[in-house]
Amino acid sequence: MSSKKKQKQISIEEYVEIYCREKRIRGRSAVYISPGAHCNLRSIAQLFKCKHHTTTSSLADAIICRHIETYRELLNNAHAEDAKEFMEWLKLIRHSRMEELSDDDYPLEKEEAESCEDNDSEEE
């Protein structure tokens, strides 16, 4: 049994509306993809180049934006879970380090605390 979900079929008009709009990308950042993926993107962009002014960059941008839009909730949940796990890990690390350290490991803090107490009594 295949674990792939059946993809929703869209019309060519819907595809053009979603992915093939002319888009001027002013601020650019490099994204590295495999030569095969680049070849496929370039071939698809050329199908729509004349009529819709689709470029490889605008097509890639549209695909990425649509992916993020489609999976936003899943990605946000994954991010929240990852942040929660990180905070739990951080608490464990801090707790274990605090147990390992003795009072002698904090000589400056003791001196600073005593110094503050001396300053408080002198001000009165």
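Throughout, residue positions are numbered sequentially from 1 according to the sequence presented.
- Applying the under-4.5 Å side-chain rule to Ile, Leu, Val, Met, Phe, Trp and Tyr, the cluster around L90 extends to F86, M87, W89, I93.
- Side-chain atoms of I25 and T55, non-hydrogen and from C-beta on, never get closer than 4.5 Å to each other.
- The hydrophobic cluster containing I68 also includes I64, under a criterion of side-chain heavy atoms closer than 4.5 Å among ILVMFWY residues, counted directly or through chains of members.
- For the atom pair CD1 of I10 and CD1 of I18, the computed distance is 4.5 Å after rounding to the nearest 0.5 Å.
- For S29, there are no side-chain hydrogen bond (donor to acceptor under 3.5 Å, both in side chains) partners two or more places apart in sequence or in a different chain.
- Partners of T54 by side-chain hydrogen bond (donor to acceptor under 3.5 Å, both in side chains), not counting sequence neighbours: none found.
- A search for side chain to side chain contact (heavy atoms under 4.5 Å, CB included) contacts involving S34 returns A37, not counting sequence neighbours.
- A search for salt bridge (charged side-chain N to carboxylate O under 4.0 Å, His left out) contacts involving R94 returns nothing, not counting sequence neighbours.
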Less than 3.5 Å apart, which donor and acceptor atoms pair up between the side chains of residues 70-85 and the rest of the protein, not counting sequence neighbours?
{"residue": "T70", "atom": "OG1", "partner": "R66", "partner atom": "O", "Å": "2.8"}
{"residue": "N76", "atom": "ND2", "partner": "R72", "partner atom": "O", "Å": "3.4"}
{"residue": "N77", "atom": "ND2", "partner": "E73", "partner atom": "O", "Å": "3.3"}

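- Legend: salt bridge (Lys or Arg N to Asp or Glu O under 4.0 Å) pairs involving residues 37-63, not counting sequence neighbours, sorted by first then second residue: K23-D61.
- Listed by chain and number, the residues in a side-chain hydrogen bond (donor to acceptor under 3.5 Å, both in side chains) with R24 are E22 (sequence neighbours excluded).
- Here E17 pairs with R21 under the salt bridge (charged side-chain N to carboxylate O under 4.0 Å, His left out) rule; sequence neighbours left out.
- For T56, there are no side-chain hydrogen bond (donor to acceptor under 3.5 Å, both in side chains) partners, not counting sequence neighbours.
- Judged as a ring pair (Phe, Tyr, Trp, His ring centres under 6.0 Å), the pairs with a partner in residues 28-54 (not counting sequence neighbours) are, in order, Y15-F48.
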